[in-house]
Student: 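Here it is, the structure, as structure tokens.
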Amino acid sequence: MPPEDDGAREGGPRINPSILAADFVNMQRDLARIATADFVHVDVMDNHFVPNLTFGPQMVERIQATSPIPLDVHLMITEPERWAPAYAELGAASVTFHLEAAAEPVTLARRLREIGARAGVAVKPATPVESLFDVLDEFDQILVMTVEPGFGGQSFMPETMPKLALLADEARRRGSAVWLQVDGGIGEATIAQAAEAGADTFVAGSAVFGAADPDAAIAGLRASADQHRHTH
Ligand code: DX5
Ligand code: ZN
């Protein structure tokens, strides 16, 4: 659930720091350094869907128990049907699985909502989004990856922006309330173009945790995104 006291951010921009860039053995300390974040972005990788491995439900359950900020879980895993519901059940505010990995994305999204999480679907940079147009309202958020998933600290891919703009136009045309999220290489140099293309929710790992003052970095990113808010 987004913080109750920030009606001003109802339509975004939301800044979700990715703890992939945090210190895994000082998680509680690092969570305290991002007190102003909207959500904590949690990257779950299985070394199958992506060539990297992070953590699973047991670790995320502890983060959930410790974090004062709601969790935004990003599953970079195969067989999301098998694992995604567990993250919703442990209390994650949102659970996002990859379109490329899901056999029945709508069925899975419905299951996640039933449990009480926001349902998200993610697409890799080369994956088209047209198949989502007719089912936009089955999802609470769509994540357009702005790097190939798997690692933090990569360069933003501007070629993903037309796809994001297409989604934003379609969402507006259909009066959809779906949130549009970007993830990968988001920082002061790139957030403006993602905001202009229609993103309202921004994941940032290295740009936040690599900063001397992560909360100040969050404020800076939020201000830039707000200033470049998508207008029609
Ligand atoms: C990449 C992850 C991202 C990653 C972003 O596969 O999904 O969430 O942590 O890191 P930065 O912001 O450093 O690109
Ligand atoms: Zn992510």
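Not measured: the values here are computed from a predicted model. Remember, it's 1-based here, ligands and their atoms both numbered in the order they're listed.
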Student: Indicate the ring-plane relationship of H98 and F49, choosing parallel, tilted or perpendicular according to the 30° and 60° boundaries.
Tutor: tilted
Student: Test your reading of the model: is there a side-chain donor-acceptor pair from N16 to the backbone of V203, 3.5 Å cut-off?
Tutor: no
Student: Using a 4.5 Å cut-off on heavy atoms from C-beta on, say whether the side chain of R174 contacts that of D137.
Tutor: no
Student: Note every protein N or O atom lying under 3.5 Å from an N or O atom of ligand 1, pairing the names and giving the distance.
Tutor:
{"residue": "ligand 1", "atom": "6 (O)", "partner": "G150", "partner atom": "N", "Å": "2.7"}
{"residue": "ligand 1", "atom": "7 (O)", "partner": "D43", "partner atom": "OD1", "Å": "3.0"}
{"residue": "ligand 1", "atom": "7 (O)", "partner": "H74", "partner atom": "ND1", "Å": "3.2"}
{"residue": "ligand 1", "atom": "7 (O)", "partner": "D183", "partner atom": "OD2", "Å": "2.8"}
{"residue": "ligand 1", "atom": "8 (O)", "partner": "H41", "partner atom": "NE2", "Å": "3.4"}
{"residue": "ligand 1", "atom": "8 (O)", "partner": "D43", "partner atom": "OD1", "Å": "3.2"}
{"residue": "ligand 1", "atom": "8 (O)", "partner": "D43", "partner atom": "OD2", "Å": "2.8"}
{"residue": "ligand 1", "atom": "8 (O)", "partner": "D183", "partner atom": "OD1", "Å": "2.7"}
{"residue": "ligand 1", "atom": "8 (O)", "partner": "D183", "partner atom": "OD2", "Å": "3.0"}
{"residue": "ligand 1", "atom": "9 (O)", "partner": "S18", "partner atom": "OG", "Å": "2.8"}
{"residue": "ligand 1", "atom": "9 (O)", "partner": "D43", "partner atom": "OD2", "Å": "3.1"}
{"residue": "ligand 1", "atom": "12 (O)", "partner": "G205", "partner atom": "N", "Å": "2.7"}
{"residue": "ligand 1", "atom": "13 (O)", "partner": "G153", "partner atom": "N", "Å": "2.9"}
{"residue": "ligand 1", "atom": "13 (O)", "partner": "S206", "partner atom": "N", "Å": "3.0"}
{"residue": "ligand 1", "atom": "13 (O)", "partner": "S206", "partner atom": "OG", "Å": "2.4"}
{"residue": "ligand 1", "atom": "14 (O)", "partner": "G185", "partner atom": "N", "Å": "2.8"}

Student: Has E148 got more than 12 heavy atoms of other residues, nucleotides or ligands less than 6.0 Å from its CD?
Tutor: yes
Student: Taking everything shown except E104 itself, do over 12 heavy atoms lie less than 6.0 Å from its CD?
Tutor: no
Student: Does E100 use its side chain to pair, donor to acceptor, with the backbone of T127 at less than 3.5 Å?
Tutor: no
Student: Can you tell me how far apart CZ (R173) and CG (L136) are? Round to the nearest 0.5 Å.
Tutor: 9.5 Å
Student: Just to verify, which of D200, D38, D72 counts as forming a side chain to side chain donor-acceptor pair (under 3.5 Å) with R14?
Tutor: D200
Student: With a cut-off of 2.8 Å, how many protein N, O or S atoms neighbour the Zn ion (ligand 2)?
Tutor: 4
Student: Sort out for me which residue in I115, V95, L112 forms a side-chain contact (heavy atoms from CB on, under 4.5 Å) with E89.
Tutor: I115
